[in-house]
Structure formats: structure tokens, C-alpha cells
Amino acid sequence: MKNFIASLYWRGMIHDMVPGTAAHLNKGMATGYVGFDPSAPSLHLGNLVPIMLLKHFQEAGHKPIALVGGATGMIGDPSGRSQERVFLKEEVLRYNEASIAKQLEKFLDFSTGPNKAILLNNFDWFKDFSFLEFLRDIGKHIPVGYMMAKDSVKKRIETGISYTEFAYQLLQGYDFYHLHLHKNVTLQMGGSDQWGNLTTGVELIRKKSQSHAFAITAPLLTRSDGTKFGKTDAGTNIWLDPAQTSPYELYQFLLNSGDHEVEKLIKIFSFTKKEEVEALILTHQAKPEKRLLQQTLAKMVTTMVHSEAACRQAIICSNILFSHTASTDALYALSEEDVLRVCATIPKIHITRIALSTIDSIISLLSVATENLIMASKSEARRVITSGGIKVNKVLITDPYQKPDFILLHNRYLLVQKGKKNYYLIVVVE
RNA sequence: GGGGAGAUGCCAGAGCGGCCAAUUGGGGCGGACUGUAAAUCCGUUGCGUAAGCUUCGAAGGUUCGAAUCCUUCUCUCCCCA
């Protein structure tokens, strides 16, 4: 039994903790859980922190439970929300639950040892729980004053909160109690925004079972600019589903972490020993321009979330696209298979050979002929080209009106680069 | 119910009859520098190769000419009951 808490402390993963948690966990194998909200069909990078809590938990010899909030998702957690949620349609919710459950299965060991992980859905115990029963059995134990004191509720009193969302914490609290009763769960973990919900559960268990339960929250990750971690600059989530966010994008996102945040991230997202991580950080600080930590982080996380093969692909792709030494010649030297591999994760735009042959200028090619996916208008295309922002097959385009009679890669492909980081592959079809 | 203020480009916010495709800031995009960083700097930011075209809540009107004036409508905010 490794010292789970000490390790979490060092990794910077503890924001708050119920007193006595450490002592309790040191007594032997404990069972703990984390809940996941099925409000989207995929988990995102932000969810990876609580997933890591469970992984570290299991790694330390404890038994993890991943709980999908099929029931709580029907209500909506007011935590961190300034406005009432809009309900999801039930079939959407069920679909989301299933795909999230599938994702969770990747991260934990569900098959071996006494501490193998379990996956549960709280819809299973809420679906037959009547309202009257709930009020008599659960509601009676928690005073309204206690519920009102929670941040998630307090912040919403002025602007408005429905009874439904107000009651949310009781549902999550009941989950904890239910798991305590039936699965011997004594610990709930989550992001720091979950603190109020976790303590309601602890309280409920104390009142109803006269026993102690414990809770740990991890700090919510923020980027250096204070915004939530795990979102692109455009504000979209980095999803764990490769169909929504490609391994290459995930790799690139992590590779671009700032020097300061990367030190925090590597501790959270690795299982590497303390001494090794600290040595790595020192090496990094000596030569930050090598971006050793960023590369290590990107590699580890991409491998964990997707696979070693997907990660390798992302690296190869990154090298070809970004390397200063990768020239036009290198690009033309690639086999067709390699071209497709390198471009596996960048947007592809199809155009017929006939259409291509009739296009009068590179401007048209990049805007109207490609459905304005690369450029929103001809004007924009002209502006960007004029300011030197377009490369085709790695060659800088200077004349906006030149005919797009480039030598196609393998007689089929054009690699268009807009700015430094945006790539598109134009595929010629017959 | 009574009184007042307002609706301008992605956002904030000027403009109040021609010099307005619309000041400025933020954001976005592109470039330079660099470590595919941060900071900084430069350019650009309705459509159109151009002539020109369509924009300032909506619809009408006045005028040689309107984002700017008038009428009606829609919506938002504030104050008093």
C-alpha cells in the first residue's frame, strides 16, 4: 500500500481534503469513486485530472469506481454555472453515457487483482427511487440552511436557481451514501468545484450510517492566462475522442504548453517517480528551448489517451509539418502512403480534377473552389497571400493571381499551409 | 400603469446630414523576432483583381445626398408607482 496522499500532495493534486482522509487510506485498501457527467458524448482533457486521481488511486493499491452520472446528468450540476442548465434529451443522455463509459474503460484496470476497477451508472439506482421515498429517506437529513451555504447555490440565489438544480447536491450526496452502503465506498474524489457536493455526501453518510466517509478535491487546472485548461484558443474543448480531436491535435496542444504550466502538468499526468520528474524539470529549466518537458508530456498523454501507434504518428506528422529542415524536396520524396500518414489528421478538402483545371488563380483555389474552408473570402485569401502567409507544398506563394498549376504530390495532393500552424490537404478526385 | 435611455461591424464603443465601409480599444488573422513559447513590434480585419456593390435593430418617408432627420414597428435597459 503506497502512500497515496503524500504522492498526490507532491503532484499538486490536492486542493481540499476531509480531515482524517490520509490516516483512513493508510489503514489498508479502500474503495473510492469519481463521478463523470454525461453532458457530452466524449470526455475532454479537463476530465483527465479526475481520471488521473482514480488511476493513481488504483496504482496505490486502492479500488477505484468510475461512476457515470446517468441520473444526475438529467438534473444538471449548478456548480460553476451562472445560469440554469438546459436539459438534454434522454436519448442523447443515454448515448453519451454509453460512449463515456467506453472511454473510461481505457484508463483503469478492470480485470485483475482485488482492487480491479468497477464502472457504475447512478441511473441504475435512481430510476426506481420514488420522489416520496427520496424526500422521507434522504431530504429529511439535510437542512436547507446547510444546502444554501454551498457556493454553487449561494452564487445562484440572486440570479435564480430552480428547485431542481438546488436539489442536485442531494442526488450526488445520495450516490455517495448508496455506494458506501453497497460497495463499501469511503472516499469520493473530484475537481475543486465539486467540494460542496462531496461534503453533502459525507454529511449524509455521517447522519444515516453513523460512519465516516472522506473526500478529496483536486485543483481545477487553469492555463497561464487564467482560462480553463483543456480548451483551445478558440475555446473549444480538447476531446478524448479521436474522432473529435485527433491525436495529432492533442499532441500539439500539449506540446504548446507554457514553461510554467508544463511542470505542473507533468506531475499530474505521469506515473514517473518523483526523483525522475524532478531531474527532468531541472534539465528542462537549463535548456527550456529544447522543450523536453513539453515533448515528454505530449508523448505520455497522447499514448495514454490513444495509443503508442497514434502517438508515434502524431510525432512523425509534427516533424514533417513543423521541422525547419523539412523542405519541399523532402515532401516530394514522400511515398503516397507517407503523405497520407503525415496528413492523417489535418483537414482534407476534395476537388475534382476538372474543377482544378479551370480555376484561374490561387485566390480562387483557396476560397470559393474549396468551399471557403481555408479562406472565408477571396479578399481574405488575397490579404493573407500578400502578407506572405500561404505556402503550397512548402513553397511560399507571392503572387495572388498566379495560376494554381502546382506539381501535385503523387499527382493528387496539395499541401496548403496557412500561417504557421494551419494545414490543409487538397485532394484531387476524378 | 407613469417617466426616461438606448439598439452601430466578432465584442466594447465613437460618429449625429455629405470629407463614413464608418475614429478608437479588445479580439481575430498574417508577418518579424523566437523555442511550433512568453513579451514586443509591424501589417490587416464587409464583398469585389478594379469600377463598384451591399452594411449601422426592422419597414417606410424627407433630401441632390442619411448610420445621422421624420413616422411606425420590434427588442433591451433604467427610474417612479
Side-chain angles (χ1 to χ4, degrees), chain A residues 158-159 222-229 231-236 238 245-266 280-299 301-302 311 313-327 330-331 342-343 345-347 358-392 394-404 415-424:
Chain A
E158 291 293 319
T159 54
T222 51
R223 307 203 306 174
S224 44
D225 59 3
T227 56
K228 258 191 187 167
F229 170 78
K231 294 202 184 238
T232 59
D233 292 333
T236 49
I238 302 282
T245 301
S246 69
Y248 165 76
E249 288 172 280
L250 174 68
Y251 182 86
Q252 281 291 325
F253 177 82
L254 294 163
L255 190 66
N256 281 312
S257 306
D259 287 340
H260 282 287
E261 57 186 355
V262 75
E263 293 180 18
K264 278 194 302 191
L265 297 178
I266 197 115
L280 219 55
I281 289 176
L282 283 177
T283 316
H284 173 256
Q285 284 169 345
K287 288 222 170 201
E289 72 276 11
K290 294 278 183 210
R291 292 185 303 138
L292 174 70
L293 276 185
Q294 282 91 338
Q295 282 168 14
T296 312
L297 174 74
K299 203 170 154 183
V301 174
T302 309
C311 177
Q313 205 52 58
I315 294 173
I316 292 172
C317 191
S318 297
N319 286 341
I320 297 260
L321 296 183
F322 286 103
S323 165
H324 299 298
T325 51
S327 62
L331 192 65
V342 165
C343 301
T345 60
I346 67 179
T358 58
I359 292 169
D360 58 331
S361 66
I362 179 79
I363 286 182
S364 306
L365 174 68
L366 299 182
S367 54
V368 288
T370 45
E371 292 166 21
N372 293 325
L373 292 167
I374 304 178
M375 295 290 185
S377 68
K378 287 177 148 193
S379 302
E380 189 188 336
R382 189 178 325 111
R383 271 194 299 273
V384 175
I385 291 172
T386 310
S387 54
I390 290 290
K391 285 179 185 168
V392 174
K394 293 256 168 197
V395 179
L396 186 68
I397 304 298
T398 49
D399 175 13
Y401 297 106
Q402 83 175 74
K403 284 232 171 212
L415 181 66
V416 177
Q417 180 179 3
K418 175 190 162 202
K420 284 171 189 160
K421 296 182 181 178
N422 306 302
Y423 286 87
Y424 305 87

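Note that the structure is predicted; figures quoted are calculated from it, not measured. So you know, we letter chains A, B, ... as the sequences are listed, proteins then strands, and number each from 1.
Residue D360(A) contributes atom CG, which lies 15 Å from atom C1' of A50(B) at whole-angstrom precision. Rounded to an integer number of Å, the gap from CZ of R382(A) to P of G46(B) is 12 Å. Atom pair E380(A):CD and C10(B):P shows a separation of 13 Å (rounding to whole Å applied). The distance between atom CD1 of I316(A) and atom P of U36(B), rounded to the nearest whole Å, is 19 Å. Protein atom CG of L255(A) is 7 Å distant from nucleotide atom C1' of U36(B), rounded to whole Å. K394(A) places its NZ atom 12 Å from the P atom of U36(B), with the value rounded to the nearest Å. As a whole-Å value, the separation of M375(A) CE from G48(B) C1' is 16 Å. Between L396(A) atom CG and G31(B) atom P the separation is 9 Å, expressed in whole Å.
The side chain of F322(A) lies closest to U36(B), out of G35(B), U36(B), A32(B). Out of G30(B), A32(B), U36(B), the shortest distance to the side chain of K420(A) is found at A32(B).
Here the separation of A58(B) from A39(B), taken at their P atoms, is 38 Å to the nearest Å. Comparing G2(B) with U68(B), their P atoms sit 29 Å apart, to the nearest whole Å. Comparing the same atom, P, in A51(B) and in C56(B) gives a spacing of 22 Å after rounding to whole Å. Rounded to a whole angstrom, the distance from the C1' atom of G26(B) to that of G13(B) is 11 Å. Nucleotides C11(B) and A7(B) are separated by 14 Å at their P atoms, to the nearest Å. Comparing C16(B) with G27(B), their P atoms are spaced 28 Å from each other, to the whole Å. The gap from the C1' atom of U72(B) to that of U62(B) amounts to 15 Å, rounded to the nearest Å. Taking atom P on both C42(B) and G6(B), the two are 37 Å apart, rounded to the nearest angstrom.
For the OP1/OP2 pair of U36(B) and a distance below 4.0 Å, the side-chain nitrogens and oxygens of R291(A) include at least one atom meeting the criterion. In this model, the phosphate group of G30(B) is not approached by any side-chain N or O of R383(A) to a distance below 4.0 Å at OP1 or OP2. In this model, the phosphate group of A37(B) is approached by a side-chain N or O of K421(A) to a distance below 4.0 Å at OP1 or OP2. Distances shorter than 4.0 Å separate some side-chain N or O of S377(A) from OP1 or OP2 on C47(B). Between G30(B) and N422(A), a contact under 4.0 Å exists linking OP1 or OP2 to a side-chain N or O.
With a 3.5 Å ceiling on both atom-pair distances, the Watson-Crick or G-U wobble partner of G43(B) is C29(B). As the counterpart of G9(B), no nucleotide is assigned, since no Watson-Crick or G-U wobble pattern has both distances under 3.5 Å. Pairing for C77(B) is with G4(B), a Watson-Crick or G-U wobble pair whose two hydrogen-bonding atom distances lie under 3.5 Å. Pair assignment for A58(B) gives U72(B), based on Watson-Crick or G-U wobble hydrogen-bonding distances that are each under 3.5 Å. Base pairing of C19(B): no nucleotide in any strand meets the Watson-Crick or G-U wobble criterion (both distances under 3.5 Å). Under the Watson-Crick or G-U wobble criterion, with both distances below 3.5 Å, A50(B) is left unpaired in every strand shown.
Looking at L415(A) and K391(A), their side chains never come closer than 4.5 Å, going by heavy atoms from C-beta outward. Proximity of V368(A) to K378(A): side-chain heavy atoms (C-beta onward) are separated by under 4.5 Å at one or more points. Taking the side chain as every heavy atom from C-beta outward, L366(A) and K418(A) never approach each other to under 4.5 Å. V416(A) places none of its side-chain heavy atoms less than 4.5 Å from the side chain of L365(A).
With rounding to the nearest 0.5 angstrom, the CG atom of L280(A) is 5.0 Å from the OG1 atom of T296(A).
Under the rule for a side chain to side chain donor-acceptor pair (under 3.5 Å), the partners of S364(A) that lie at least two apart in sequence or sit in another chain are D360(A), S361(A).
A residue-by-residue look at G389(A) and K290(A) shows that G389(A) has its nearest nucleotide of RNA chain B further toward the 5' end. Both V368(A) and I390(A) sit near RNA chain B, but only I390(A) has its closest nucleotide nearer the 5' end.
Side chain E289(A) to base U34(B): no donor-acceptor pair is found below 3.5 Å.
S318(A) comes within contact range of at least one nucleobase, with a heavy-atom separation under 4.0 Å.
None of S377(A), S387(A), P400(A) except one satisfies the side chain to side chain contact (heavy atoms under 4.5 Å, CB included) rule with R382(A); the exception is P400(A).
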